[in-house]
Structures are given as C-alpha cells and as structure tokens.
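Comments concern the structure below.
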Amino acid sequence: MSVAQEIINLKAELPEQVALVAVSKYHPVSAIEEAYAAGQRIFGESLVQELRRKAEELHLEGLQWHFIGHLQTNKVKYIAPYIALIHSVDSEKLLLEINRQGEKCGRRIKCLLQLHVAQEENKYGFTEAECWEYLESGAWKSLEHVELCGVMCVATNTEDENLIRNDFHRASDFFRKAKECFFSGQESFSVCSWGMSDDYPLAIQEGSNMIRVGSKIFGARVY
Ligand SMILES: *Cc1c(COP(=O)(O)O)cnc(C)c1O
C-alpha cells in the first residue's frame with residue numbers, strides 16, 4: 001500500500017481524540033511529502049542531525065516536527081527554535097537545558113515526560129518514582145520556557161500482549177495521578193503519547209491520545 005493510503009486508512013480507524021505522529025526517521029523527504037499531501041501534518045524524528053537536515057529542506061505550511069528520540073543536552077540548541085513537541089524528556093538536566101534554549105529563542109517549548117515502564121534496561125526515561133519525586137519538588141514550576149504537556153512511554157518489545165498492556169496501564173495511571181496532583185488547573189497537560197506500529201490498538205485501549213507510527217506508514221526502515 002502507498003504511504004498516502006496507509007495514512008488515510010489509519011486516520012479513518014483512529015478515534016477522534018487520538019493524534020497521529022508519523023515517524024519518518026530514516027525515510028527520505030519524498031516520503032514525508034507524500035504523507036503531507038495525504039493530509040498528515042505531524043512528523044516524528046529521533047535523531048537531531050537527521051531532523052535538522054529535513055527541516056532545512058522542507059518548508060511545508062503547517063508541518064509540525066516532534067522529537068521522539070533520546071536527546072542529548074548539547075543538541076537541544078539545534079531544534080529549540082522550531083520543535084513543536086519534545087516527547088522524550090528523561091532527566092531534569094535535559095529539561096533545564098530546554099528551558100535555557102527556549103529562553104534564548106523566546107519560546108515556551110512543549111515537552112512530555114518520558115517514563116521508563118518497559119521490562120528492558122536499554123530504554124530511556126524516568127522511573128515512575130523518580131518522575132513523581134521531580135514533580136513533587138516543584139522545581140519545574142520555575143521553568144518559564146518549558147511547558148509540560150503530558151507523558152510518553154515505549155512498551156516492552158515483546159509478543160506478550162498482557163505485558164504491553166501493563167506497561168501502558170502504568171503510564172496511564174501515572175498521567176492520571178500527575179494530572180490530579182500537579183496539573184489539575186492546566187488544560188495543556190493532556191498528552192498521553194504511547195503506541196507504535198505493532199501496539200497502537202492496545203495503546204489506545206489503555207488511554208493513549210497520541211500514537212507514534214513509523215513502519216506501518218512508511219515501510220521498513222533501512223539503517
Ligand atoms: C521508531 C520509533 C517509533 C515508531 O516505531 P514503528 O514501530 O516503526 O511504528 C515510535 N516511537 C519511538 C520512540 C521510536 O523511536
């Protein structure tokens with residue numbers, strides 16, 4: 001199936017409240033243009049260098065870039081002027097740097113807190129305990145150039161649906177409690193980013209309202 005057809009089918013299938021991030025990493029700008037022509041506006045990238053190259057090349061009205069990969073503090077400055085949402089905030093140090101760069105370019109940068117809920121060591125993110133402790137500290141309230149908009153996670157890479165569901169469920173629980181305790185008056189704290197090509201239906205059942213889908217749309221990635 002073509003990229004355009006995949007986008008159209010996927011959008012028809014998604015509940016109204018679920019946003020689609022088309023993960024275009026490792027795919028050429030021509031594929032992004034094809035998705036854009038089919039109506040897709042949000043694109044996710046996970047490498048700063050690749051994102052910079054694509055953002056310089058593409059100037060499409062209304063296109064939004066989301067950063068979804070592990071972000072090194074020394075690279076924040078390259079994407080700060082235009083990034084629409086950083087999904088992958090996994091440390092206080094990174095958040096401080098995003099705030100610093102947001103100030104430099106006069107922006108308030110939208111961010112999600114990445115939770116490490118997967119049963120795998122090689123994944124990034126705050127543990128729930130760490131993240132809760134950070135929120136409790138209140139330190140984030142003084143970051144005027146950061147806007148915390150929700151939570152992101154990646155589930156365990158497994159065939160076991162129960163395990164995947166459980167990972168999403170924990171993230172969903174965390175979001176709900178954080179909303180209640182720290183962000184009840186903040187409408188913009190509303191994003192639950194989980195679900196990829198292989199697990200997005202489960203993710204939506206477990207409260208996701210933003211899915212990040214790559215290979216289902218664009219085909220296999222060539223590394
Ligand atoms: C690559 C990636 C995706 C998309 O994965 P697919 O399985 O190709 O849909 C989603 N989220 C993150 C964080 C990724 O790195």
Side-chain angles (χ1 to χ4, degrees), residues 1-11 13-14 18-28 31-32 34-35 38 40-52 54 64-72 75-76 79 83-91 94 98 110-126 131 149-161 163-165 167-168 170-172 174-175 191-223:
M1 222 187 298
S2 70
V3 166
Q5 197 58 53
E6 290 286 0
I7 295 271
I8 290 161
N9 292 356
L10 197 49
K11 285 201 162 157
E13 179 193 335
L14 296 181
V18 179
L20 172 63
V21 179
V23 177
S24 47
K25 64 187 183 194
Y26 303 102
H27 290 282
I32 297 174
E34 195 182 342
Q40 181 61 26
R41 292 296 178 267
I42 308 177
F43 293 88
E45 291 282 340
S46 60
L47 296 171
V48 169
Q49 208 177 356
E50 181 178 354
L51 172 54
R52 288 175 75 192
K54 288 175 174 173
Q64 284 186 31
W65 294 109
H66 285 196
F67 196 81
I68 63 169
H70 178 62
L71 181 55
Q72 291 169 280
K75 294 192 175 158
V76 174
I79 62 171
I83 200 73
L85 181 64
I86 299 175
H87 290 230
S88 42
V89 173
D90 56 7
S91 71
L94 177 59
I98 294 169
K110 293 181 190 293
C111 294
L112 305 181
L113 298 162
Q114 180 170 3
L115 291 181
H116 183 161
V117 291
Q119 307 295 312
E120 285 157 325
E121 285 305 311
N122 63 341
K123 291 245 162 80
Y124 293 101
F126 291 97
C131 197
C149 293
V151 170
M152 176 270 210
C153 77
V154 179
T156 309
N157 186 8
T158 172
E159 301 279 294
D160 182 349
E161 284 201 357
L163 197 49
I164 296 170
R165 192 184 284 284
D167 289 348
F168 291 148
R170 279 168 52 192
S172 184
F174 188 95
F175 171 84
V191 179
C192 293
S193 167
W194 47 88
M196 318 191 341
S197 293
D198 291 336
D199 58 21
Y200 72 87
L202 277 178
I204 293 168
Q205 286 173 25
E206 295 299 334
S208 168
N209 59 18
M210 187 173 281
I211 60 172
R212 311 177 306 266
V213 177
S215 45
K216 182 175 169 57
I217 296 170
F218 296 109
R221 288 180 285 275
V222 182
Y223 290 91

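Counting convention: from 1, in listed order, for ligands and their atoms alike. Counting from 1, the numbers follow the sequence of the chain as shown.
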Quick check against the 3.5 Å criterion: does [X] have a side-chain atom that pairs as donor or acceptor with the backbone of [Y]?
| X | Y | value |
| --- | --- | --- |
| Thr156 | Thr158 | no |
| Gln49 | Leu51 | no |
| Asn209 | Cys192 | yes |

If we number the atoms of ligand 1 from 1 as shown, the ones under 4.0 Å from a heavy atom of Gly214 are 4 (C), 6 (P), 8 (O), 9 (O)
Under 4.0 Å to a heavy atom of Val213 - the qualifying atoms of ligand 1, by number:
9 (O)
When you check the side-chain N and O atoms of Gln5 and Asn9, is any donor under 3.5 Å from an acceptor?
yes
Full working for side chain to side chain contact (heavy atoms under 4.5 Å, CB included) between His87 and Val191:
CA-CA 10 Å; His87 290 230; Val191 179; 5.8 Å; no
Less than 3.5 Å between some nitrogen or oxygen of [X] and one of ligand 1, yes or no?
| X | answer |
| --- | --- |
| Ser215 | yes |
| Ser46 | no |
| Val154 | no |

In this structure, does ligand 1 have an atom that sits under 4.0 Å from one of the heavy atoms of [X]?
| X | answer |
| --- | --- |
| Arg221 | yes |
| Lys216 | no |
| Ile68 | yes |

Quick look: His87 vs ligand 1, heavy-atom contacts under 4.0 Å, and the answer is neither
Apply side chain to side chain contact (heavy atoms under 4.5 Å, CB included) to the pair Asp167 and Cys153, showing each step before the final yes or no.
CA-CA 8 Å; Asp167 289 348; Cys153 77; 5.6 Å; no
Measuring only between side-chain heavy atoms, which start at C-beta, is Asp199 closer than 4.5 Å to Trp194?
no
